Structure formats: structure tokens, C-alpha cells
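Chain letters run A, B, ... following the sequence lines, proteins first and then strands; every chain starts at 1. Keep in mind that this is a model prediction, so the values were computed, not measured.
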There are 2 protein chains.
Amino acid sequence: MIIDCHGHYTTAPKELDTFRQAQIAALDQGARGAAPGAPKISDDQLRASVEGAQLKLQRERGSDVTIFSPRAAGMAHHVGDAATSAAWTRVCNDLIHRLCTLYPDNFIGVCQLPQSPGVPPTNCIPELERCINQLGFVGCNLNPDPSGGYWKDPPMTDRWWYPFYEKMVELDVPAMVHVSSSCNPNFHATGAHYINGDTTAFMQFLTSDLFKDFPTLKFIIPHGGGAVPYHWGRYRGLAQDLKRPLLKDHLLKNVFFDTCVYHLPGIELLTKVIPVENILFASEMVGAVKGIDPETGCNYDDTKRYIDAVSWLSAADKQKIFEANARRVFSRLDKKLGKRAA
Amino acid sequence: MIIDCHGHYTTAPKELDTFRQAQIAALDQGARGAAPGAPKISDDQLRASVEGAQLKLQRERGSDVTIFSPRAAGMAHHVGDAATSAAWTRVCNDLIHRLCTLYPDNFIGVCQLPQSPGVPPTNCIPELERCINQLGFVGCNLNPDPSGGYWKDPPMTDRWWYPFYEKMVELDVPAMVHVSSSCNPNFHATGAHYINGDTTAFMQFLTSDLFKDFPTLKFIIPHGGGAVPYHWGRYRGLAQDLKRPLLKDHLLKNVFFDTCVYHLPGIELLTKVIPVENILFASEMVGAVKGIDPETGCNYDDTKRYIDAVSWLSAADKQKIFEANARRVFSRLDKKLGKRAA
């Protein structure tokens, strides 16, 4: 079985965007949190939105199930206030739930959270509980910078986040560290802010004792871990200079990297320096990079091809990357996948 | 000849720090810009500060000359105002000049700039002219985020920066894109802010027409280009999605990467995906990572060993990385190095 641990609903019907625009317009008129009615989207519309996109690509590329969440750039936690974010998040998560219900073999949900700049993430606990306990989701996307590129909230290792982590541990769900769009003109979203968010979170973890406080807390750092594997020597050396334990002991029981790296040399590096136990297959399709690489004739984000091509990975290694690691990190997956195990 | 294009004066006598502390104390008392008298540091002190450090490492590791600039984390452009930054910058650059005069065979100067948040970089032109025309420096370090981790100034591709670029072009000097320390608790300086700065600048260049406006402007992106080579497929794909030219045509006549990547797999990736013409040897010693890698028994930042170990680089390739590219990018180097060419 091939589990893609990182897919966003980037192909939602236009009614979702219309809802969001109406919500923002209401904000501009000073009616904060006064969300318009939930968008009316039929099951047929939902089916049409994925049949020619995510489902088609699953079939073509040979993945079985996608861990699926609302569009990351769409979260935009910096827009409005916590009430705005709560209403928007609920609508987005409900759509994911409907898709997962329509296609239980293809999609398993991961939720957006109603984060808001300057608001303690404790406010996200009810939505996390709803999504995990009622909607059957298996994890969440946690934004390390709800301000959208100005980095005004405390680091992810601050006690500011601890009540939320306690709930994650209690529910036994991981978080993917995932920023949203950038409202800072310095940062292109998918080309800079995403990658910087990944790198930043890793270094926050490195300098902290977070995983002493939460030994079972788990994070996936997407986009191949940002810059981290490329600079693995730097991070090993910094940990050493800072008198931290070896990274494998200090972080790698709790921190995992996905394979959203869109060329073979990058995937080769990732699988060379990061233990296979810490790598989860992902493509982020239909996502950040949509085109066909003229150098290979294949889609940039068809990451399975790169993993297939790495000569030093054994069949057992690949089974870990494609399936077993995801089942371990998203520990609720087994129950969801049930008898579908190969 | 082996030219290390990225070294900082991280071993300055304590009098320099004492000066800076006095300057900051004066600020705290409201006397902005009222700098204390220049620090008194003897030539013997200067010699002692590098003999057992940079010079010793040059000899041990086999590099000939280091392109040398003030400590990057020390620039701290976010401290005080433009007058503070001007006084501090002048002191730092003067020390570099004295070292380059004491050791003309070992050090060639690159200057710090008196940037200050919210102040147009036009204010840096006089110091750039002084350093290039009077002190014989060959380039500058340009901070894309003078706010120290809050990214409040316009992107490097904004016209805000254009008068400074005009002067760079006129003087025919490149800039290394180099942030300073971070006053944002989210960003560890050398582990996150530095690398994010590199990645961010590259993506700013990618989305702009800066090099149409300045066809001869040159930037070195340090730390192996941040996350960029690891995600080269992503950047090629984003350029394609954004209808930009191929990266080699769009950016690689103007943008260069150094080799401050502290493990062999990272250097292998760099030399696999980035044309050798765009790679400049550097170690950043004595810099961000000081220890010995237990996996190799050698210093993490002894980057020459990694380049020596890359099997697919020919002798001609290595000569480009170690010498020829630096002479091309720092076009004033030839005159400085004079008859020392191999």
C-alpha cells in the first residue's frame, strides 16, 4: 500500500472561494466573525472536483490513499480574528470530511486549525477534538506563524503551545508543521515561506527540550524538511556546539520528513542522510508545482518516481517510506485502513 | 590558488565588543549616534587574533586567501538607528582594512554596510565607496532584512534598493546576501535566519526582473544557497509555472552559491544540480559551526575536503570552484592578487 501523507484540497468548487470572499468582505465592513452561510456544494460537485485531479493522479501514479487536508495557502490565519478563523476552518474541515466519506478508500482527513495571530492555540482544541473524535481525522496541520510571514507569535517550543500539545498527545495524533500564505511581500509562499517555516521549526526543536516534556509528540516537517537535510552537517554541528544530544536521539523519535522534493538529486540526498524510519512518502499533489519537468518528461511532483529510482533503498526501506512509517506516525491510520493492509 | 570567498572576522580582540557595548549603553541612555571613541587595538593584538585562528586554518587546510568581512552576526543593523549603524560599520570595516594591510597575501576585504531598518539603502553608498575606492575592498555584504528577523523592509527586488545597485554596478563589485543576527525569538541566527535569508533572496530574484534592469549586478548567496539546490526541482518548476525563463538564463548569470555546506552529501548535491560556473569555494571559518564531525574526524567547516572528494568534478571544474569563479565574480580580485596567479 502506498500512502501519500501530504495532499491538500486545492481543487475545491468555486463556492468555497465565494464563501471566503464574502467572509472577508464582511470583515472589511467591520462585521468580524459574522460569517455568511456555509457554502452550498453538492456531492456531485465534490466528486467532480477530485475525479479529474487527485483521484486521477492517484491512479496514474500508483498511490492508494492520500492523507488529505484543506488547502494550506487558504488557511490564511492572519485574516480577521479567531472567530473568522473558526468559521472558515469549520467549513474547510467539513468539506474534507465529506470527501473522505465519499471516498473512504482514497482520502483520510487531516484538519486545519482555527489559529489566529496573538491568540493562544488553546482555542484550537475544540476543533481538533471535533475533527478527530467526530469526523475520524488522523492528524492536524499546525501553523508555526499565524501572522503570515511576520513571525510574531512565540516559537513552537514555547509553553504558549503546550496545552495544545497535551491534547495532541492525549488524542495520539501528529501535526504537520505547515505555514499558510504570506502577507509579507518578502516571502513568496510556496517558494520561500513554506521552506523557511520548515527550517525554522526544526531549529526551534533542536534548541529546545520539547520532546523531553512530550516524549510521544510527533511532527512531520513537510517539503522534505525545508533546508534541513541539505544542511544536515550544519545541524549536527550546531547541536554539538550547543551541547545537545545527537540529533537521532534528540529529535528523530519525534520529527519526520516528507518526500515533497521535486527532483531526484534532492530525494537521493534525503534518503542518504535521514534514516528511512523518518521519511514519509508525500507528493503534495495537486499542489505547489504543477508542471512537467522537461528534463524528465514527468511531473515535478510525481515523487514516487524518484523514490523508485533510488538504487540503495531496499524493498523493505521503500515499504517503510511508502506505508509503514505513515502508519506509525499517524497511529490512528491502522484503524481507518482496517483490513486494507497489504 | 584557493580562494575562500566567505570568511568573517569572528575572532576580534575584546576591545571591539567593549566599544559596541558602550555604543549600545549610550543608546539606552538616549544618546543615539553618540558613539564612544574608536577602540584602541594594536597591530600585535590584530596579529594575535588571527594567527592561531584563520591563518592557522588557512595553512592547515590549504587555502591561500580569504575574502574577509566583519562578523555577520555582529552587524546587527536592527540596533539603534542609521547613525549607530554608520559608526559601528566604520569601526568594523577599518579593522578589516588593517588586517588586510597586515596580511595582504591572506586577506582581501569585503565591507559591512551601515544599513538600518526603514532607511533607504542609499545611505550605504558613501561607506561602499570609501571601502572600495580608499580601502581596496572588493565587495560588500548586503543584509536583505535589516530588521533582524521581522522582514519589514521591501524585498531586494524593490526599487528601494536600486540606487545602491547602481553604485555596485558602477564600482563593479558583487554583494554577498547575508542577514545578521535575529532579534526574533523564532529564528536561531545561524540555524534558521541565515538559511531562510538565502532561500528568501533567491525566490525574490526568481519572481522579479531585477537582472533585466541590472544585467551585470552580481550576488553570492552563501551557505550553499540556503535550501535552493536541495529544492532545485521545485524552483525550476515554480519558474515554469510563473512563466519565467529557465533558471540558467534567468538567474545564473547573476547569482552564485558558495560551498558553506558542512557535509559531503550536501556538497555532492550542490555540485550535481548547480553548474560549476556558479559555485564559489567558501568555508565561513571561523564561523557558524566550529566542532569536529565524529563521522569524519574532521572539522565540519573544512569544506575543501568535501569538494576534493566529489568524484565527478574534473581538475578544471575544481579550479573554477576554488579560484576562477571568485576572480570572475569579484572582478577587482585580479588586480589585488596581481602576480600571485598560479
Side-chain angles (χ1 to χ4, degrees), chain A residues 144-145 149-156 158 184-188 190-193 195-196 198-200 202-204 206-207 223-224 226-238 240-241 246 260-266 268-270 272-273 288-295 300-301, chain B residues 144-145 149-156 158 184-188 190-193 195-196 198-200 202-204 206-207 223-224 226-238 240-241 260-266 268-270 272-273 288-295 300-301 306:
Chain A
D145 171 31
Y150 291 97
W151 293 89
K152 291 177 180 167
D153 278 354
M156 293 188 79
D158 191 276
N184 185 328
N186 279 286
F187 302 125
H188 184 275
T190 53
H193 191 43
I195 306 294
N196 293 349
D198 305 334
T199 307
T200 299
F202 184 83
M203 193 64 200
Q204 291 177 358
L206 191 155
T207 52
H223 321 109
V228 171
Y230 176 47
H231 287 286
W232 196 238
R234 186 178 194 88
Y235 290 103
R236 288 195 293 109
L238 283 169
Q240 190 171 316
D241 282 356
L246 290 177
C260 292
V261 178
Y262 297 150
H263 61 153
L264 179 59
E268 285 180 336
L269 175 96
L270 173 68
K272 209 179 277 181
V273 303
V289 177
K290 294 183 188 69
I292 289 171
D293 185 347
E295 295 184 8
Y300 288 102
D301 65 0
Chain B
D145 172 31
Y150 291 96
W151 293 90
K152 291 177 181 167
D153 278 353
M156 292 187 81
D158 191 277
N184 185 328
N186 279 286
F187 302 124
H188 184 276
T190 53
H193 191 43
I195 307 292
N196 293 350
D198 305 334
T199 308
T200 300
F202 184 83
M203 194 63 200
Q204 291 177 0
L206 191 156
T207 52
H223 322 109
V228 171
Y230 176 46
H231 287 286
W232 197 239
R234 187 179 193 87
Y235 290 102
R236 288 196 293 110
L238 283 170
Q240 190 172 318
D241 282 356
C260 292
V261 178
Y262 296 151
H263 62 153
L264 179 57
E268 286 179 337
L269 175 96
L270 173 67
K272 209 178 277 181
V273 303
V289 176
K290 297 184 185 66
I292 289 171
D293 185 346
E295 295 183 9
Y300 288 101
D301 64 0
Y306 310 133

**Student:** A side-chain contact here means heavy atoms from C-beta on lying under 4.5 Å apart; do A:L238 and B:H188 qualify?
**Tutor:** yes
**Student:** Using only atom types and a distance under 3.5 Å, with no angle test, would you say the side chain of A:D293 pairs donor to acceptor with the backbone of B:G237?
**Tutor:** no
**Student:** Within the side chain of B:H231, is there an N or O that forms a donor-acceptor pair under 3.5 Å with the backbone of A:G226?
**Tutor:** yes
**Student:** Who pairs with B:D153 by salt bridge (charged side-chain N to carboxylate O under 4.0 Å, His left out), at least two apart in sequence or on another chain?
**Tutor:** none
**Student:** Between atom CG of B:D198 and atom CD1 of A:I195, what is the distance when rounded to the nearest 0.5 Å?
**Tutor:** 13.5 Å
**Student:** On a heavy-atom basis, which atom in B:P265 and which in A:L269 lie closest, and how many Å separate them?
**Tutor:** O-CD1, 3.2 Å
**Student:** Hey, what do you get for CD (A:E295) to CH2 (B:W232), rounding to the nearest 0.5 Å?
**Tutor:** 10.0 Å
**Student:** Determine, stepwise, if the pair A:M203 / B:H193 fulfils side-chain contact (heavy atoms from CB on, under 4.5 Å).
**Tutor:** CA-CA 10 Å; A:M203 193 64 200; B:H193 191 43; over 6 Å; no
**Student:** Hey, are the side chains of A:T190 and B:R234 touching, using non-hydrogen atoms and a 4.5 Å cut-off?
**Tutor:** yes
**Student:** How about B:W151 and A:F187: are their ring centroids closer than 6.0 Å?
**Tutor:** yes
**Student:** Between B:K272 and chain A, which part of the residue has a heavy atom less than 4.5 Å away: side chain, backbone, both or neither?
**Tutor:** side chain
**Student:** Among A:A192, A:G224, A:G191, single out the residue with the greatest number of heavy-atom pairs under 4.5 Å to chain B.
**Tutor:** A:G191
**Student:** Is a side-chain N or O of B:Y230 found less than 3.5 angstrom from the main chain of A:L270, in a donor-acceptor match?
**Tutor:** no
**Student:** Under 4.5 Å from any heavy atom of chain B, what part of A:P229 do you find: side chain, backbone, both or neither?
**Tutor:** both
**Student:** Any idea which heavy atoms bring A:P155 and B:P185 closest together, and the distance?
**Tutor:** CG-O, 3.4 Å
**Student:** Regarding B:N186 and A:T200, is there a side-chain donor-to-acceptor distance under 3.5 Å anywhere?
**Tutor:** no
**Student:** Looking at every heavy atom in both B:D241 and A:V289, which two are closest together, and how far apart are they?
**Tutor:** OD2-CA, 3.6 Å
**Student:** Chain B heavy atoms under 4.5 Å from A:Y300: which part of the residue, side chain, backbone, both or neither?
**Tutor:** side chain
**Student:** Quick one: does B:Q240's side chain have a donor or acceptor within less than 3.5 Å of a partner on A:I292's backbone?
**Tutor:** yes
**Student:** Heavy-atom pairs under 4.5 Å with chain B: which of A:Q204, A:K290, A:E268, A:R236 has the most?
**Tutor:** A:R236
**Student:** Residues in side-chain hydrogen bond (donor to acceptor under 3.5 Å, both in side chains) with B:Y235, at least two apart?
**Tutor:** none
